[in-house]
Amino acid sequence: MEYSRDDLMEARRQIGSTLHKLRETVKTLRGKENPERYKAQITLAERRIRAFELANGLIERELERM
């Protein structure tokens with residue numbers, strides 16, 4: 001499937017925004033009184049962060065190829 005440069009740049013912008021929110025969520029959950037209580041939510045957010053970082057890297061690579 002082919003994507004335009006504008007499509008890729010917008011996707012990168014949206015991923016960046018989501019990454020920022022996820023990182024803030026992890027900070028907030030770890031800062032809670034009993035962070036062990038939120039272990040599942042922290043793990044899920046961290047896995048999503050890794051997935052979005054991977055996607056962002058692939059988008060960057062595709063933009064460089066254009």
### Summary
CD (Glu2) and CG (Asp7) are apart, to the nearest 0.5 Å, by 11.0 Å
### Message
Please tell me whether Met1 and Leu54 are part of a single hydrophobic cluster in this structure, the criterion being side-chain heavy atoms less than 4.5 Å apart.
### Response
no
### Task
Look up atom CD1 in Ile59 and atom CD in Glu10, then write down how far apart they are to the nearest 0.5 Å.
10.5 Å
### Task
Working to the nearest 0.5 Å, report the span between CD of Gln14 and CZ of Phe52.
10.0 Å
Determine all donor-acceptor pairs shorter than 3.5 Å in which one atom belongs to a side chain in residues 40-50; sequence neighbours excluded.
residue	atom	partner	partner atom	Å
Thr43	OG1	Lys39	O	2.9
Glu46	OE2	Arg30	NH2	2.0

### Summary
Minimal heavy-atom distance between Arg5 and Leu63, with the atoms involved, is NH1-O, 3.4 Å
### Query
Looking at side-chain heavy atoms only, is the closest gap between Leu19 and Arg23 below 4.5 Å?
yes
### Message
Rounded at 0.5 Å granularity, tell me how far OG in Ser4 sits from CE in Met66.
### Response
6.5 Å
#### Entry: Electrostatic pair Lys27:Glu24 at N-O distance under 4.0 angstrom
yes
### Task
Taking the side chain as every heavy atom from C-beta outward, state whether Lys32 and Tyr38 have any atom pair closer than 4.5 Å.
yes
### Query
Honestly curious: do Leu58 and Leu8 fall in one hydrophobic cluster under the side-chain, below-4.5 Å linking rule?
no
